[in-house]
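Okay, so here's the structure we're looking at.
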Amino acid sequence: MTIHILTVVPELLESPLSHSIIKRAQAKGLLQVHIHHLRKWAVNEYGQVDDYQYGGGAGMVMMPEPLANAIDELSKEQSFDEIIFLTPDGETLTQKTANTLSLKENLLFICGHYKGIDQRIREQYVTKEISIGDYVLSGGELAAAVLVDAIGRLIPGVLNDETSALTDSFQDNLLAPPVYTRPAEWRGSKVPDILLSGNTAKIEDWRYEEALQRTKERRPDLLED
Ligand code: ADE
């Protein structure tokens, strides 16, 4: 999979995408991430990519021309399955969306800054708008990093233990059950006996019950679907 990201602050994306699982996904050649500085398509020699908003009001708006030129140029080299704008008024990111996007070949993410991007880009180019939660970030970069991570780890072959993504929280609308490691007794608190029993069928049942219980307590809304 290839993900292209358009941003005015590429530095914000570098570290989150250079470590751990996403680093490994790129090293294995399963994921390519290309970060593009929008200023490359600035309207003038001062690197301008934003302007005052019509109608007045505080905050600048990202101009349509640099974004359109960037998208047009990148689209010549590949056709994008989705052009995704990260924005707090988009659809809230869910595991289901991450699953769907992990099956695509080419994605383009647009990171908004300032007051946002000119509405005409949203209408004429963007195919999907995603929010990572009901709060406002300073820009779309951290949201884009979250989205790359959520999608990248689902690409077949990225995780060493192929089954581990399947048992993540949300994968079947359930939160994940509790997990334990050594020692079996720590500060007077014991690992549940069942996990030491070696009986895999019973362990699976126990995990399912714990996941269900946790979901009922913490996120009953997930069980309504
Ligand atoms: N940009 C600013 N806030 C955001 C959010 N919550 N999700 C996605 N992009 C954003």
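When a ligand or atom number is given, it counts from 1 through the structure's own listing order. Along the sequence shown, residues are numbered consecutively beginning with 1.
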Q.
Taking 4.0 angstrom as the limit and counting only heavy atoms of Leu86, give me the atoms of ligand 1 inside it, by number and element.
A. 8 (C), 9 (N)

Q: With side-chain contact (heavy atoms from CB on, under 4.5 Å) as the test, would you mind laying out the steps for His113 and Met62 before giving the verdict?
A: CA-CA 7 Å; His113 247 269; Met62 287 166 72; 3.9 Å; yes

Q: Give the cluster check for Ile35 versus Ile130: same hydrophobic cluster or not, with ILVMFWY residues linked at side-chain heavy-atom distances below 4.5 Å.
A: yes

Of all the heavy atoms in [X], does at least one lie under 4.0 Å from an atom in ligand 1?
X	answer
Pro88	yes
Ile130	yes
Gly90	no

(Q) In terms of relative ring orientation, are Trp206 and Tyr180 parallel, tilted or perpendicular, with 30° and 60° separating the classes? (A) tilted

Q: Return yes if some donor-acceptor pair links the side-chain N/O of Glu82 with the main-chain N/O of Leu101 below 3.5 Å, else return no.
A: no

Q) Can you tell me if Lys28 uses its side chain to pair, donor with acceptor, with the backbone of Gly157 under 3.5 Å? A) yes

Say whether [X], considering both its backbone and side-chain N or O atoms, lies within less than 3.5 Å of an N or O atom on ligand 1.
X	answer
Gly133	yes
Ile132	yes
Leu137	yes

(Q) Asp168 vs Arg153, test: salt bridge (Lys or Arg N to Asp or Glu O under 4.0 Å). Steps then yes/no. (A) CA-CA 11 Å; Asp168 285 341; Arg153 61 194 296 286; 2.6 Å; yes

(Q) Among all the protein's non-hydrogen atoms, which is closest to atom 6 (N) of ligand 1, and how far away is it? (A) Tyr135 O, 2.8 Å

